[in-house]
Amino acid sequence: MRRPEYIAKQGGMPRGWLGRFVASIMERETTAINYDAIARLDPKEGDAVLDVGTGNGISLRHLAARVGEGIVVGVDHSPVMCGRAERNNKTLIVDGRVEVKCTGSDDLPFETGYFDAAMSVHTIYFWNPAEPHLKEIARVLRPGGKFVLAFRSSSDPATSDFPASVYTFRSIEEIESLADSCGFENFIYENGSEMETLLSATRE
Ligand SMILES: C[S@@+](CC[C@H](N)C(=O)[O-])C[C@H]1O[C@@H](n2cnc3c(N)ncnc32)[C@H](O)[C@@H]1O
């Protein structure tokens, strides 16, 4: 279904009542690809894991179940989404196993090399240019740390539903070249359950 521009904009930065409405649809639409990304990331017991642009933060509790005594952090620049992610992970936050930070992905408030693994689902379309965001994710990952990026590539027919004024869709080759120039290597691709692309890479 073709999205008008004012709805599409909410995907990149949900705000107000319309943002809350779009967020509830997003929660249903992105569950499967988040499961795919977590399976690909395959975090280990004790890992520190980052989800960039976590949205509703549904991923966070599934990541927390995998890392046990480790720590899971979700970041999002939308206060509406941070509120929803906090509500969806209330007990885990109280227990100190999950944190939600309301911040932009080009300025992450973490030490260099803090995380063992990072993922980001349906976010890179809003990063234009993408380099400051990918470099910042690479900075906070330890060398050898794993990164999974899930996205629809420009060859996916579903992308025609989204206005180019809001969404920047890129080819798989463009995404790999961007990631390569930002400190990632060892690229592996696979399809998600709804034909999205999952790119796995490691921090150089
Ligand atoms: C389409 S939603 C996807 C949310 C979630 N990853 C999912 O799969 O359901 C994109 C999310 O990324 C967030 N986002 C986009 N650009 C961001 C940025 N530069 N920094 C932090 N969050 C960002 C938006 O606020 C929104 O919550």
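These numbers come from a predicted model, not from an experiment. Just follow the structure's listing: the first ligand is 1, and inside any ligand the first atom is 1. Computation of the quantities below employed the complete heavy-atom set of this structure, encompassing side-chain atoms and omitting hydrogens, waters and symmetry-equivalent molecules.
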Can you check side chain to side chain contact (heavy atoms under 4.5 Å, CB included) on R20 and M81, steps first, answer last? CA-CA 8 Å; R20 287 191 286 278; M81 300 318 288; over 6 Å; no
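In terms of protein heavy-atom proximity, atom 25 (O) of ligand 1 is closest to D76 OD1, 2.6 Å. Scanning the protein for heavy atoms near atom 10 (C) of ligand 1, the closest one is G11 O, 3.3 Å. Closest to atom 5 (C) of ligand 1, if we only count protein heavy atoms, is G53 O, 3.3 Å. Closest to atom 24 (C) of ligand 1 among all protein heavy atoms lies G12 O, 3.3 Å. Summary of contacts: the protein heavy atom closest to atom 3 (C) of ligand 1 is V121 O, 3.6 Å. Remark: minimum distance from atom 1 (C) of ligand 1 to any protein heavy atom is reached at H122 O, 3.4 Å.
For the pair N191 (side chain) and T197 (backbone), a donor-acceptor distance under 3.5 Å is absent. Panel note: side chain N89, backbone A85; a donor-acceptor pair is recorded below 3.5 Å. Without hydrogens or angle criteria, S154 side chain to S171 main chain gives a donor-acceptor distance under 3.5 Å.
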For a quick test of your reading: what N or O donor-acceptor pairs under 3.5 Å do the side chains of residues 134-149 make, sequence neighbours left out?
{"unit_1": "E136", "atom_1": "OE1", "unit_2": "R139", "atom_2": "NE", "d": "2.9"}
{"unit_1": "E136", "atom_1": "OE2", "unit_2": "L108", "atom_2": "N", "d": "2.8"}
{"unit_1": "E136", "atom_1": "OE2", "unit_2": "R139", "atom_2": "NH2", "d": "3.0"}
{"unit_1": "R139", "atom_1": "NH1", "unit_2": "F110", "atom_2": "O", "d": "3.0"}
{"unit_1": "R139", "atom_1": "NH1", "unit_2": "T112", "atom_2": "OG1", "d": "3.1"}
{"unit_1": "R139", "atom_1": "NH2", "unit_2": "L108", "atom_2": "O", "d": "3.0"}
{"unit_1": "R139", "atom_1": "NH2", "unit_2": "F110", "atom_2": "O", "d": "2.9"}
{"unit_1": "R142", "atom_1": "NE", "unit_2": "D116", "atom_2": "OD1", "d": "2.9"}
{"unit_1": "K146", "atom_1": "NZ", "unit_2": "R40", "atom_2": "O", "d": "2.7"}

Quick one: side chains of residues 91-103, donor-acceptor pairs under 3.5 Å with protein atoms, not counting sequence neighbours, listed by atom name and distance.
{"unit_1": "R97", "atom_1": "NE", "unit_2": "G68", "atom_2": "O", "d": "3.3"}
{"unit_1": "R97", "atom_1": "NH2", "unit_2": "A64", "atom_2": "O", "d": "2.9"}
{"unit_1": "T103", "atom_1": "OG1", "unit_2": "D107", "atom_2": "O", "d": "3.4"}

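Close approach of ligand 1 to N34 (heavy-atom distance below 4.0 Å) involves ligand atoms 7 (C), 8 (O), 9 (O). Atoms of ligand 1 found under 4.0 Å from any heavy atom of T123 (numbered from 1 in listed order, with element): 12 (O). Residue T54 has at least one heavy-atom neighbour below 4.0 Å for each of these atoms of ligand 1: 5 (C). Close approach of ligand 1 to S78 is summarised as follows: ligand atoms under 4.0 Å from at least one heavy atom of the residue are 25 (O). For ligand 1 and M26, the ligand atoms under 4.0 Å from any heavy atom of the residue are 2 (S), 3 (C), 4 (C). Listed by number with element, the atoms of ligand 1 under 4.0 angstrom from any heavy atom of T30 are 7 (C), 8 (O), 9 (O). Against a heavy-atom cut-off of under 4.0 Å, H133 is close to the following atoms of ligand 1: 19 (N). For ligand 1 and S105, the ligand atoms under 4.0 Å from any heavy atom of the residue are 18 (C), 19 (N), 20 (N), 21 (C).
Using a cut-off of 4.0 Å between Lys/Arg side-chain N and Asp/Glu carboxylate O, E5 and K9 are scored as salt-bridged. A salt bridge does not link E45 to R66: none of the charged nitrogens lies less than 4.0 Å from a carboxylate oxygen.
Contacts between E27 and ligand 1, counted as non-hydrogen atom pairs separated by less than 4.0 Å, are absent for every part of the residue.
Compare E136, H77, M81, Q10 by their heavy atoms: the one nearest to atom 23 (C) of ligand 1 is in H77.
Ligand 1 is approached by W127 to a heavy-atom distance shorter than 4.0 Å. Residue contact check for ligand 1: T103 places a non-hydrogen atom closer than 4.0 Å to it.
Residues M119 and S59 share a closest heavy-atom pair of CE-CB, 4.0 Å.
Considering only heavy atoms from C-beta on, R170 comes within 4.5 Å of L178 through its side chain.
From F151, atom CZ reaches atom CD1 of I124 across 7.0 Å, with rounding to the nearest 0.5 Å.
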